[in-house]
Every structure is written in structure tokens, then in C-alpha cells.
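Report on one structure; see the data block that follows.
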Amino acid sequence: MPVHDVHVAVIYYSSTGTVAELALRIADAAEHAGADVRLRRTAELAPQSAIDANPAWAANAAATADIMEATHEDMLWADAVIFGTPTRFGNVTSQLKQYLDTLGGLWQQGRLADKVYSGFTASATKHGGQESTLLALYQTVHHFGGILVAPGYTDPAKFRDGNPYGTSHVGGPDTPLDDDARTAARIQAERVVTFTKAIKHGLSPAS
């Protein structure tokens, strides 16, 4: 079996950088687990005045400007897609949701089905809607006909970060990722790659 035998797209939105850092960790872990990885960000919808008014937001926009924006082709290329979004009132950000809403044509053609999907998030407060955000995201996965691979409590480390739905972190630009979040990102990425390989090769006519 070739080293890079599955394609994983990590598609995210991040304002002040926390989810962007998680995305980088997940992309790196997926690559180390044997996947060909595309890291993509969704388009910014907020007005420039709002971005400029928040130094951390402006800094992250500048730092990630060279990361390509997600397109429909990334969804078609991917065997697995890991979506990342901050919480917004316990829900998915408008920036990621707008990207998802443009996929209606591919969905109608059945071209988003039978792929592996997973998600990650961050919030500024401990009970800021991390679980509800991921569950809301996963409703879209069900409509796609996707195969949801959440981390669950499949590793002892998951009992430390406590989120079976996906990697999450409490904090902001002044609260960097801790060891629990970094470990959770690795576990989730490895699990997605493992099951994507199993599903892809299990469904292959040559297998």
C-alpha cells in the first residue's frame, strides 16, 4: 500500500488564530499518518473595518493570507474532510457555513456522499457551545451522506480533554493550545486517516 494512499482536506475558518493553529496540527498529524493533505481556509465575510479593529484578527488574517481558499475541487479531491470552525452563539461560523451552502450542486449529484467527515472547534469560554457547534456541523454531514468519524473516547487521553465529538480548545489569542488540545488533534487526525484507508480500500473493486 503506498504511503500516501488517501486524500484528506482540512477546511477551516479562523478569526483570531486558534482554529487556524488547530488546523495546522491536524493537517500535520494526518500527513504523518499517511495521507496526502490539503489545508484550506474559507473566505472571510466580515468587513475589513471589523478585522482592523481587532489586532489578533488582523494578525491572523495576515499570517494565513498565503493559505489557499477552499474550492469545490477540494471536496471532490478529498476522501476525507475535516472541518474547523470557532463557535458563534453555539453554532458554526457564517464563513464556514457559507462555504457549505455553496456545495448544493455537488450534494445534489451525490458527489459528497461516502466520504469521511470530522470536525474541530474552539470557544472563548469553557461552556461556550463547543459541543453544540460540532453537532450542528455534523447535521450537514448526515445530509451529505457522509461517514462521520468522531474521536469518541477511543484513547485514554480523550478523558483529559473530555470532548468525544471532536478536538476543541478553550481560549483565544492569549491562550495558546495546551498539551490536551495538541494530543486531541493528533488522535482525531490519525483516527480519520485510519478509517478512511479502511473504507477506501474496503470498497475498492480490486480488494
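In this text, all values refer to a predicted model and were calculated from it rather than measured experimentally.
Within a 6.0 Å sphere centred on CD of Gln108, other residues, nucleotides and ligands contribute 12 heavy atoms or fewer.
Using a 4.5 Å cut-off between side-chain heavy atoms of Ile, Leu, Val, Met, Phe, Trp and Tyr, with links allowed through other members, Leu76 and Leu100 fall into the same hydrophobic cluster. Val8 and Leu106 fall into different hydrophobic clusters, defined by Ile, Leu, Val, Met, Phe, Trp and Tyr side-chain heavy atoms under 4.5 Å apart, directly or through other members. Note on Val10 and Phe83: separate hydrophobic clusters, where clusters join Ile, Leu, Val, Met, Phe, Trp and Tyr whose side-chain heavy atoms are under 4.5 Å apart, directly or indirectly. Leu112 and Ile11 fall within a single hydrophobic cluster, where Ile, Leu, Val, Met, Phe, Trp and Tyr are joined by side-chain heavy atoms under 4.5 Å apart, directly or via other members. Both Val37 and Val19 are assigned to one and the same hydrophobic cluster, defined by single-linkage of ILVMFWY side chains at heavy-atom distances under 4.5 Å.
Proximity of a side-chain donor or acceptor of Thr167 to a complementary backbone N or O of Ala184 within less than 3.5 Å is detected. Tyr138 contributes a side-chain N or O that, together with a main-chain N or O of Tyr165, makes up a donor-acceptor pair within less than 3.5 Å. Judged by distance alone, the side chain of Asp74 and the main-chain N or O of Thr71 form a donor-acceptor pair under 3.5 Å. Between the side chain of Ser118 and the main chain of Val149, a donor-acceptor pair closer than 3.5 Å is present. Side chain of Lys115 to main chain of Ala78: a donor-acceptor pair is present (N/O by atom type, distance under 3.5 Å, no hydrogens or angles). A donor-acceptor pair under 3.5 Å is formed between the side chain of Ser132 and the backbone N or O of Gly90. Not one N or O on the side chain of Arg25 forms a donor-acceptor pair closer than 3.5 Å with the backbone of Arg186. Of the possible polar contacts, none joining the Thr196 side chain to the Asp79 backbone as a donor-acceptor pair under 3.5 Å is found.
Here the CG atom belonging to Leu22 is positioned 4.5 Å from the CG atom belonging to Leu177, to the nearest 0.5 angstrom. Here the CG-CD distance, from Leu103 to Gln109, works out to 11.0 Å after rounding to the nearest 0.5 Å. Going from atom NE2 of His201 over to atom CG of Asp5 covers 3.5 Å, rounded to the nearest 0.5 Å. Expressed to the nearest 0.5 Å, how far NZ of Lys97 lies from OG1 of Thr102 amounts to 10.5 Å. With rounding to the nearest 0.5 angstrom, the CD1 atom of Ile199 is 10.5 Å from the OG1 atom of Thr194. Note that the CD atom of Glu44 and the CD1 atom of Ile51 stand 4.0 Å from one another [nearest 0.5 Å].
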Would Arg111 and His72 satisfy side-chain contact (heavy atoms from CB on, under 4.5 Å), going step by step from the backbone distance to the final call?
CA-CA 11 Å; Arg111 303 184 75 182; His72 289 187; over 6 Å; no

Would you please test Thr183 and Asp161 for side-chain contact (heavy atoms from CB on, under 4.5 Å) and show each step?
CA-CA 9 Å; Thr183 300; Asp161 74 78; over 6 Å; no

Quick one, Thr121 with Thr87, criterion side chain to side chain donor-acceptor pair (under 3.5 Å). Give me CA distance, side-chain angles, the key distance, then yes/no.
CA-CA 7 Å; Thr121 190; Thr87 68; 5.4 Å; no

Please lay out, stage by stage, how Met75 and Trp107 fare under the test side-chain contact (heavy atoms from CB on, under 4.5 Å).
CA-CA 11 Å; Met75 296 294 297; Trp107 162 79; over 6 Å; no

For side-chain contact (heavy atoms from CB on, under 4.5 Å), just list the numbers for Gln98 and Tyr13, CA-CA rounded to whole Å, side-chain angles, deciding distance to a tenth of an Å, and then say yes or no.
CA-CA 11 Å; Gln98 193 271 345; Tyr13 172 74; over 6 Å; no

Working for side chain to side chain donor-acceptor pair (under 3.5 Å), residues Ser123 and Gln130:
CA-CA 6 Å; Ser123 63; Gln130 294 181 350; 3.1 Å; yes

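Taking the charged nitrogens against the carboxylate oxygens, Asp179 and Arg182 do have a contact shorter than 4.0 Å, which makes a salt bridge. The pair Glu69-Arg41 counts as a salt bridge, with a side-chain nitrogen and a carboxylate oxygen less than 4.0 angstrom apart.
Grouped by direct or indirect side-chain proximity (heavy atoms under 4.5 Å, Ile/Leu/Val/Met/Phe/Trp/Tyr only), Tyr153 sits with Phe159.
Inter-residue side-chain proximity for Val92 and Thr140 is flagged as unmet; no heavy-atom pair is nearer than 4.5 Å. Between Leu148 and His142 there is a side-chain heavy-atom pair separated by less than 4.5 Å. A 4.5 Å side-chain heavy-atom check between Phe195 and Ile147 finds every atom pair outside the cut-off. Taking 4.5 Å as the limit, some side-chain heavy atom of Tyr12 sits within range of a side-chain heavy atom of Leu39.
Taking each heavy atom of Ala33 and Val193 in turn, the nearest pair found is O-CG1, 3.5 Å. Considering all non-hydrogen atoms of both residues, Ser15 and Arg88 come closest at OG-NH2, 3.2 Å. Smallest separation of non-hydrogen atoms from Asn91 and Ala136: OD1-CB, 3.5 Å. The two residues Val192 and Ala80 have their closest heavy-atom pair at CG1-CB, 3.8 Å. Taking each heavy atom of Ala20 and Ser14 in turn, the nearest pair found is N-OG, 3.2 Å. The two residues Ala53 and Pro55 have their closest heavy-atom pair at O-CD, 3.7 Å.
Ring orientation note: the planes of His7 and Trp77 are close to parallel, at an angle under 30° on the 30°/60° scale.
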